[in-house]
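Here's the structure, in structure tokens; my notes come after.
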Protein chains: 4
Amino acid sequence: MLLLCLIAASFLVSADPPTCPADLGGKCSDSDDWQGDFFPEIPKIKYEGPSSKNPLAYRWYNAEEEILGKKMKDWFRFSVAFWHTFRGTGGDPFGAATKYWPWEDGTNSVSMAKRRMRANFEFLKKLGVDWWCFHDRDIAPDGTTLEESNKNLDEVIELAKELQKGSKIRPLWGTAQLFLHPRYMHGGATSSEVGVYAYAAAQVKKAMEVTHYLGGENYVFWGGREGYQTLLNTDMGRELDHLARFFEAAVAYKKKIGFKGTLLIEPKPQEPTKHQYDWDAATAANFLRKYGLIDEFKLNIECNHATLSGHTCHHELETARLNGLLGNIDANTGDAQTGWDTDQFLTDVGEATMVMMSVIKNGGIAPGGFNFDAKLRRESTDVEDLFIAHISGMDTMARGLRNAVKILEEGSLNELVRKRYSTWDSELGKQIEEGKADFEYLEKKAKEFGEPKVSSAKQELAEMIFQSAM
Amino acid sequence: MLLLCLIAASFLVSADPPTCPADLGGKCSDSDDWQGDFFPEIPKIKYEGPSSKNPLAYRWYNAEEEILGKKMKDWFRFSVAFWHTFRGTGGDPFGAATKYWPWEDGTNSVSMAKRRMRANFEFLKKLGVDWWCFHDRDIAPDGTTLEESNKNLDEVIELAKELQKGSKIRPLWGTAQLFLHPRYMHGGATSSEVGVYAYAAAQVKKAMEVTHYLGGENYVFWGGREGYQTLLNTDMGRELDHLARFFEAAVAYKKKIGFKGTLLIEPKPQEPTKHQYDWDAATAANFLRKYGLIDEFKLNIECNHATLSGHTCHHELETARLNGLLGNIDANTGDAQTGWDTDQFLTDVGEATMVMMSVIKNGGIAPGGFNFDAKLRRESTDVEDLFIAHISGMDTMARGLRNAVKILEEGSLNELVRKRYSTWDSELGKQIEEGKADFEYLEKKAKEFGEPKVSSAKQELAEMIFQSAM
Amino acid sequence: MLLLCLIAASFLVSADPPTCPADLGGKCSDSDDWQGDFFPEIPKIKYEGPSSKNPLAYRWYNAEEEILGKKMKDWFRFSVAFWHTFRGTGGDPFGAATKYWPWEDGTNSVSMAKRRMRANFEFLKKLGVDWWCFHDRDIAPDGTTLEESNKNLDEVIELAKELQKGSKIRPLWGTAQLFLHPRYMHGGATSSEVGVYAYAAAQVKKAMEVTHYLGGENYVFWGGREGYQTLLNTDMGRELDHLARFFEAAVAYKKKIGFKGTLLIEPKPQEPTKHQYDWDAATAANFLRKYGLIDEFKLNIECNHATLSGHTCHHELETARLNGLLGNIDANTGDAQTGWDTDQFLTDVGEATMVMMSVIKNGGIAPGGFNFDAKLRRESTDVEDLFIAHISGMDTMARGLRNAVKILEEGSLNELVRKRYSTWDSELGKQIEEGKADFEYLEKKAKEFGEPKVSSAKQELAEMIFQSAM
Amino acid sequence: MLLLCLIAASFLVSADPPTCPADLGGKCSDSDDWQGDFFPEIPKIKYEGPSSKNPLAYRWYNAEEEILGKKMKDWFRFSVAFWHTFRGTGGDPFGAATKYWPWEDGTNSVSMAKRRMRANFEFLKKLGVDWWCFHDRDIAPDGTTLEESNKNLDEVIELAKELQKGSKIRPLWGTAQLFLHPRYMHGGATSSEVGVYAYAAAQVKKAMEVTHYLGGENYVFWGGREGYQTLLNTDMGRELDHLARFFEAAVAYKKKIGFKGTLLIEPKPQEPTKHQYDWDAATAANFLRKYGLIDEFKLNIECNHATLSGHTCHHELETARLNGLLGNIDANTGDAQTGWDTDQFLTDVGEATMVMMSVIKNGGIAPGGFNFDAKLRRESTDVEDLFIAHISGMDTMARGLRNAVKILEEGSLNELVRKRYSTWDSELGKQIEEGKADFEYLEKKAKEFGEPKVSSAKQELAEMIFQSAM
């Protein structure tokens, strides 16, 4: 029983037009007249410490506090996702939009896009966050032609450039939206239509240019439509080749324009497609290796995507790290009992601790950061909910960092692991690790040794140590 | 990375207005001017037999053919789902609408609703199907007030009544859409807002009236929002009590207006909510029993919902049947590797055979039927795809019926089962089944018997017999 | 690639006989010669508070401390599961036994069973736990006849009775093992062989008697084989009827012998069967209602079973509670990414907090308790691991209780929920809840009200409050 | 509630010793006295065609029939898995052995191993199958030392060599069992104990030698324990390096002894470990590429492992094929609703058809084949069930081949795919595929083209064509 969104949207537009600039008395005009004070009742969010009862304060995230020689803000480089926070409507496959923010006027005009961009900067400043992420089409409206779309985008980008001035605010990354428009229904780079491939290339070219122009530090590829619905009608081999050609062209263009940011692939197993080519970190790595692209890309690991692919988030981070590919984190969480991307703000401190254990091992993730690819629940409709959700997510990550450091400094977990592998710190271990032990030598050793002694893995002790640090 | 539908919809409406009445030369007016020939290139679909290569013909579904003393059309009572077939836009959580049928003019007007209803009747006739299913809000637009919504609905219903004349076409069932509008975001009968409960009651009252008026034979409750997103903010006990009160009032009203149709609950485990109260057949049955409603309702089993809840479709059908609750079937299938409702047309002949084995055991399912709660894939955008999908689904079910009968008549599967339980057809078996064997008597028997002989379950033989009948 | 256990077991028995009584110098005899000091290096486990670094001490579980007017030990009534702790070998579907406890002599003799029972009592005392749970066949060896099995059981039970003296130690519950022996391969009460039904009845009769004799407070039914592998060879309706007859006879026998303990059904969706009849709490409740047994049974909710059936543990507890069926908790956890019962000790404090929120709402769960249906990982092979695991599990539950009380006393979460439903505390709300509001009245009200106001669900705030209490 | 296997096994051995050589009157001796006629009541299985009702005949598999220029037997190269067919006991995590074949004497002696090998050859001949697969430890008992184990193995191998004479029977592949023995509990090549690595190497060395000696055509690595239970105690990077060293040594040894067979890795996502390093085809490919081993290995794709990792079997086969890695198929199927490896014989004709579509595209899979890594259900305990299961599995695959050829020859599905990508057969398509189209050129083209036309994907038509061929 699925009624679709267009219906929903259209009836709502007519039946219940979103009141626009509520506190401008409904004077809704297509002008750039509302330039600030979008969140009049929300103070600048400050650190008040764990005992605070104020939902509009940080309890664990203290931006300037130094941890392991680095400020908290530099460990995280938190970023607000423009799409969820400013374009999320609360619609779902069975439901229409639920959110009518006061600054929205119900249109998708360039003026509205600019007003929204101002709201974004005000939001970032109140939150004390220096980074944001965007798709081309969520910050500026599509036009009827590519040229018009680019023009719309340029106008909004100019405003963003201006708003950046005097602040440290920059895009953590930009990306092109190659999944929403029906032209991309069969994919962008992997579309069965060659014209769509060309269109996608043009769109990525532009998105990369504007990301570069704004001083963005990374550029992301999420292939939401790069996959298939059924193998019966799909030439998977040809599609994968096309995807590789597309990435090669992106690398070449990046170098040509002098963009130094990292190119990131964001794995996801499925949804909206039945199978997405960048299934998980290992699949993406295999693709990059197969096509000789391994040195040109890193990965953007999203926790909810990790669990959808059957892995823990920790596993995906470690897989990326061990392949030299850990570039950025989309900090969110899914629902352990549902099979789709719920993109919730993470509030599980244990999970956050494991994430931060990986990040510390990686020596941080700059020039990447933590993007909140997370959204309010459909039923959360107050403006303050936007702040509460981000604060809660940031505080959870901050607790994760503090706990991870505590575990590291306390030392007994690392000691447990070190001991577990101690037999490898032997002459034979060294020979094997250096590739000097062939099967005949190993057989000889095995016969010498007799039945090997095998120690307890001490998993329960490891879990006790971990739990105690929470 | 989820952009929401409203955005999509609005930009599309402006950027790319759906061409309306393509063959009327784009003369798009708000009048009831287009009264027929919506599918000029599609012939009336006929039975041509298994060797036909014509995709617009039935190969296995032969409506008038008698099987086990009943015509095929009476075994199935196939029904077209108005929402998927006429309101499905191809939108998904990451993508905008993809379908622009020639009869659509891009509006949600009453005139458009009426033109669409005419298309529905033409579709049913070309397909040779006598039944259809609807939600109030997918056949007529929402108004700004309940009164206006009801008026819109009445106008479309009048047209449907007129179009029915001289045909056998009737609604298999109607239902109220209590999930799309934002007022229902916390539920209808289980909303945290008492006003929403009242609104939902008013809407169901009207939907039941119009279903009755059109000669509908069933009325369905699908509680897409009757559930929770998190227990942290939910009073589940109170919500379940409210749901029971709501159903009691529905039963009372049904009787008051003399509606003889069956009330059906459609179980689904989740999506859109994290947990839906009518999780599966057994959960719904428990609810009905707890609140004394077991004799007033039956179940509408949907195959895709069955698999989402961890069961086979066959299991849910048998559970419903054994509880005396098998009322209707939403014939579709899901994707075995994805965790959401894909609502695909079933083309797996084995699955269809198992479904029909249950239906035969139940002696058919009238006054229920087989509703195609199934939709085209987002990427299928030709008008003929609507026909191909239904033909394929109907043919698959028809093969299922033919195979089930073949298995039944061949007899060896039933014989295998009979033999398996043959020790129960003994004196002791009879005593136990009649409740006359207490633990002391059974212990005595067990001691007499010694170690019991246990026969092979012959599962592989059962599977071989089943596979051979395909 | 699955090699089966018998092979494993036999080759191990011959190839690598478990050293028996290690500190008796390998003098392995079939006598009851080892009566104590099984854990010479483990001290009595004491509460040392959160700052302790001692893995063999409680940090949060303080048995005698009063919380909300009840001692911690009375909130929990922790129980050790004999099967996991004393019969768990570390075998899995692909691997042989890994655990060779010093008190095991490699036999399955009655003497060995008695020595193991002494170890159990020593373990309970060192841990400071008063309850334990058992299956008939894990505490005493099967004989070649029912009579011999019963005799073996009696001998071990006599020892347990003696060991209980002067202590508060009692069985939390007993149960019959109706799944391991091949005679039960098609089920016990639902076997296709009537002789097996009788045998199962005799076994339950005896297990209930000995549970009663030892002062056990509950009796559990876990229907591991009561289900099916395929519907193709199964008469589900007849099997369910047999199950009901079996339960009726159990109720009658319980009353006859004056056993006052609670009869508990333990739901599990599947494994070892493809489908188990007691799928989840709602399914079990439906069965009990259908057969008129609802007042005679309660449920034993296991967290790992909850997640296998697609629910949170919290959901299953609340479902049981709202049906008046919350009787006991099998405290464990599963792995969120695997599809089988991992039976791990719970170390997630958030999860434990939600469990305890349900238990507090239920006013405690006595005469039920918290049974640790949890086992060491296969790779954990030190005797001390048995203690560490239980301490960690008990401490986690204790933190859960402390947090749940903190949330309750702080009050803002309850206040959030109260506010959310406040419109129901109106005249109309009352009328509806009392069943006095019919559809016509509700429609009238809906028209009077106009479009209802719908408030934010504040889920992120609820999660923030919850997270802050951790 | 899990009782472990050792217990089960031991009590059964004492309580109910399997009757051995039933038709030798129970004269069970440790000699090689039973040399033939293990299946006296089973005839040689012949092809009788689709209308046959004989469960002990082939209906679709006709070994000598030519299809697309190749005999059916050469398309499939069917292989019997020794472990399931001759060592499967029916034990599961909750249940003891259920199968007592007449030739088993309850021991694990070398004599018994030899008798079992004779039964294997008789089984192969009656079935008309030329290939079999084995682990070292399932064909010959473990000894107390490596030397003794090797000696046992040699003795059984000599018999197999002799039994091969005059027949075409050969091992499709051999492998070493590195998962059952407790020494491998932390892994073989990835064990935390260096001594276990050496032992594993010695075992693989020997298994490779005997596979070579018998004329085996492949050698398989299934890393059932090569993974982790928790990252908390695991050094994943170091373990993966060790695994690579191990494979390098295997390649070197293979070359040294002149073994020309293919080395195969068999991916599986999990079970018994929580995470297995060879998760799926793409993960294994990434590993092979990272460590420079991509040209030395192929993959053995198992259908049940495919679905456990969230893919269709078809997807895994295509992924392997496109990476040049499709080496062998473990033909089985899982249960779509359970989360563990059920290793069932495949009887779904649609699934089989998709598998064969991949195999045809690959030009066959020799020197690999189709190994039946499938077992009887625990409850199937008749000797004839072993035959029925294999016949049913072979017939299903044969139907799959016939259907795949039918689809290929009928041509409309291929035509649908060709058309779908036809825009790529243009000048621009060629330029892109040759890497000659940079972003600037593509942008220019996109502007020239304007909005691209996007055709229907025709998925429902593809499914209709597919279904009709069944």
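Labels below follow one simple rule: chain letters A, B, ... track the order of the sequence lines, proteins then strands, and each chain is numbered from 1.
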Any chance you could measure [X], atom [atom1], to [Y], atom [atom2], to the nearest 0.5 Å?
X: B:M236; Y: C:H314; atom1: CE; atom2: NE2; result: 8.0 Å
X: B:Y197; Y: C:I432; atom1: OH; atom2: CD1; result: 5.0 Å
X: B:T234; Y: C:H315; atom1: OG1; atom2: NE2; result: 11.5 Å
X: C:H275; Y: B:E318; atom1: NE2; atom2: CD; result: 11.5 Å

Taking every non-hydrogen pair under 4.5 Å, which of [options] racks up the most with chain B?
options: C:E248, C:Q229, C:E440; value: C:E440
options: C:R245, C:R289, C:R321; value: C:R289
options: C:W279, C:Y184, C:F246; value: C:W279
options: C:V417, C:V204, C:L232; value: C:L232
options: C:K274, C:E433, C:K447, C:E463; value: C:E433
options: C:Q270, C:M185, C:K458; value: C:M185

Which one, B:G435, B:G429, B:A252, B:A250, leads in non-hydrogen pairs under 4.5 Å with chain C? B:A250
Flag the one option from B:H311, B:E147, B:K445, B:Q203 with the top tally of heavy-atom pairs under 4.5 Å to chain C.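 When all of B:H311, B:E147, B:K445, B:Q203 are compared, B:H311 has the most.
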Would B:E443 and C:K206 count as a salt bridge (Lys or Arg N to Asp or Glu O under 4.0 Å) if you check the C-alpha gap in whole Å, the side-chain angles of each, and the deciding distance to 0.1 Å? CA-CA 9 Å; B:E443 184 187 51; C:K206 180 72 182 176; over 6 Å; no
Does [Y] offer a backbone N or O that forms a donor-acceptor pair with the side chain of [X] under 3.5 Å?
X: B:T423; Y: C:V194; result: yes
X: C:N233; Y: B:A457; result: yes
X: B:R183; Y: C:E451; result: no
X: C:E193; Y: B:S455; result: yes

Contacting moiety of [X], where chain B heavy atoms sit under 4.5 Å:
X: C:L416; value: side chain
X: C:K256; value: side chain
X: C:F287; value: neither
X: C:T312; value: side chain
X: C:L146; value: side chain

Non-hydrogen atoms of [X] and [Y] that approach each other most closely:
X: B:T283; Y: C:A282; value: OG1-CB, 3.6 Å
X: C:S192; Y: B:W424; value: O-CD1, 3.2 Å
X: B:V196; Y: C:P452; value: CG2-CG, 3.9 Å
X: B:G450; Y: C:Y199; value: O-CD1, 4.5 Å
X: C:A249; Y: B:A437; value: CB-O, 4.1 Å
X: B:A198; Y: C:L428; value: CB-CD2, 4.5 Å

For [X], which atoms come within 4.5 Å of any heavy atom of chain C: side chain, backbone, both, or neither?
X: B:L322; value: both
X: B:L240; value: side chain
X: B:K444; value: neither
X: B:F439; value: both

Can C:D425 and B:R238 be counted as an ion pair, charged N to O under 4.0 angstrom?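 Judged by the 4.0 Å cut-off on N to carboxylate O distance, C:D425 and B:R238 do form a salt bridge.
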Does the side chain of C:D235 reach to within under 4.5 Å of the side chain of B:R420, using non-hydrogen atoms? no
Is there a side-chain contact between C:N323 and B:N286 (heavy atoms, below 4.5 Å)? yes
Among B:E239, B:H242, B:H186, side chain to side chain donor-acceptor pair (under 3.5 Å) partner for C:Y421: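 Answer to the side chain to side chain donor-acceptor pair (under 3.5 Å) test with C:Y421 among B:E239, B:H242, B:H186: B:E239.
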